[in-house]
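The structure appears right after this line, and notes come after that.
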Number of protein chains: 2
Amino acid sequence: MSDERSLSPAELAAWRAVVESSQRLLTRIEDELRAASGLSLADYHVLVRLSEAPDRRLRMGDLAAKLIFAPSRLTYHIGTMEKRGLVARQPCPADRRGSEAVLTDAGLAALRAAAPEHLLSVRRHLVDDLDEADLAALTRIFTRIDERLTAARAESR
Amino acid sequence: MSDERSLSPAELAAWRAVVESSQRLLTRIEDELRAASGLSLADYHVLVRLSEAPDRRLRMGDLAAKLIFAPSRLTYHIGTMEKRGLVARQPCPADRRGSEAVLTDAGLAALRAAAPEHLLSVRRHLVDDLDEADLAALTRIFTRIDERLTAARAESR
DNA sequence: ACGCGGTATTTCAAATCTGAACAACCGCGC
DNA sequence: GCGCGGTTGTTCAGATTTGAAATACCGCGT
């Protein structure tokens, strides 16, 4: 707290630990997911979001927001998943500008096939290291950060 | 803890919170860094690592390990930074296979110019939300994850 | 009904990232 | 001293990601 233009060693250590470890964690878990299922983490997240959506479908924009993807990235990504038969793209009936991504049966099957190993992977590399208090702290901390970020984004419009 | 092949709702919530919020946090902080200084977060991290190294220089391999970059990515990235005059590349005297990345005066100046705003940004979006206990918890948790990952990597060789 | 500012998505080119294959070199053991 | 397995970086081609510009459409106000 000494200088507001800087960070204390403890603050810097926390920031660095988060940046580096989360990077390493994601990389590792993605590697394992890829090896076990052929899906990237992005593929997996697309499948999860669609599987949770009513009627297994979402507007491109909504899906992009949930995944934190730039619009053009989602267009491209859904394109590759469509080629593999994991999702389908359909024009949105209510709004002719829009389109929806729909989870196919094959996509749902791929998700179900990949999930157990993947969750095991998450458990092995993250959850098993944490006790209940850690878990709660992580959830609370990151949820709060997210809320603040979303609020800050709303302001800067 | 019910099924070892799955995750409890609390565990899943923690995992999702970490993945999404850290993603959003990084994106946001990178945007601000870019807007204020023209540096990407990767640029900034390269500069930081070099500035901390003895004689302001590091072997490509060591730098790549610190940054969690694939080798070819670092080659490319140092190439772009070299064009901008932020770093220089020199053959390694002790090992003729290797090369070293060296921080230039311009690179150091760029880092010093960018740091205050960037740290403010980190403070605003992360540190200000945390009390001392949170800070310590984050550091402890992510440091432990990192140790485990590094250990696991060593095994799978 | 019409125009118009705004929104949803795609397209395009350029920048970046990845992994496999390569070239040069190290140093150990024969 | 030589050869060989292992290391260090780079190169290359292809995949992904980005941001700006284009396209098509919405719905409000007139």
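Numbers restart at 1 for each chain; the letters A, B, ... are given by sequence-line order, proteins then strands. Atoms considered below: every heavy atom in the structure, side chains included; atoms not considered: hydrogens, waters and symmetry mates.
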Atom [atom1] of [X] and atom [atom2] of [N]: how far apart are they, to the nearest Å?
X	N	atom1	atom2	answer
K83(A)	dA15(D)	NZ	C1'	10 Å
E82(B)	dT10(D)	CD	C1'	13 Å
L41(A)	dT18(C)	CG	P	14 Å
I78(B)	dT8(D)	CD1	P	17 Å
D43(A)	dT17(D)	CG	C1'	14 Å
M81(A)	dT17(D)	CE	P	12 Å
L63(A)	dA8(C)	CG	P	14 Å
E100(B)	dC25(C)	CD	C1'	16 Å

Original post:
When only distance counts, do a donor and an acceptor, one from the side chain of R97(B) and one from the base of dT7(D), lie under 3.5 Å apart?
Top reply: yes

For [X] and [N], is the shortest distance between a side-chain N/O and OP1 or OP2 below 4.0 Å?
X	N	result
S99(A)	dT10(C)	yes
Y76(B)	dC17(C)	no
R59(A)	dT9(C)	yes
R73(A)	dG19(D)	no

Subject >> Nearest-nucleotide 5' precedence on DNA chain C, R34(A) against D95(A) >> reply: D95(A)

**OP:** Nearest-nucleotide wise, let me know which of G61(A) and D31(A) is further upstream toward the 5' end of DNA chain C.
**Re:** G61(A)

Report yes if some heavy atom in the side chain of [X] is under 4.5 Å from a heavy atom in the side chain of [Y]; otherwise report no.
X	Y	value
L149(B)	I145(B)	yes
V102(A)	R89(A)	no
C92(B)	R96(B)	no

**OP:** Identify whether the distance between the nearest side-chain nitrogen and carboxylate oxygen of E117(B) and R123(B) falls below 4.0 Å.
**Re:** no

**OP:** Answer yes when D128(B) and R148(A) have at least one side-chain N-carboxylate O distance shorter than 4.0 Å, and no when they do not.
**Re:**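 No, D128(B) and R148(A) are not salt-bridged.
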
Original post:
S72(A) near the nucleic acid: base, sugar-phosphate alone, or nothing, with a heavy-atom cut-off under 4.0 Å?
Top reply: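 S72(A): base contact, heavy atoms under 4.0 Å.
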
**OP:** For F69(B), answer base if it contacts any base atom (sugar-phosphate contacts may also be present), sugar-phosphate if it contacts only those atoms, and nothing otherwise; contact means non-hydrogen atoms under 4.0 Å.
**Re:** nothing

**OP:** Name the closest nucleotide to the P71(A) side chain, picking from dC17(C), dT10(C), dT11(D).
**Re:** dT10(C)

Subject >> Options dT18(D), dT17(D), dT16(D), nucleotide nearest the side-chain atoms of T80(A) >> reply: dT16(D)

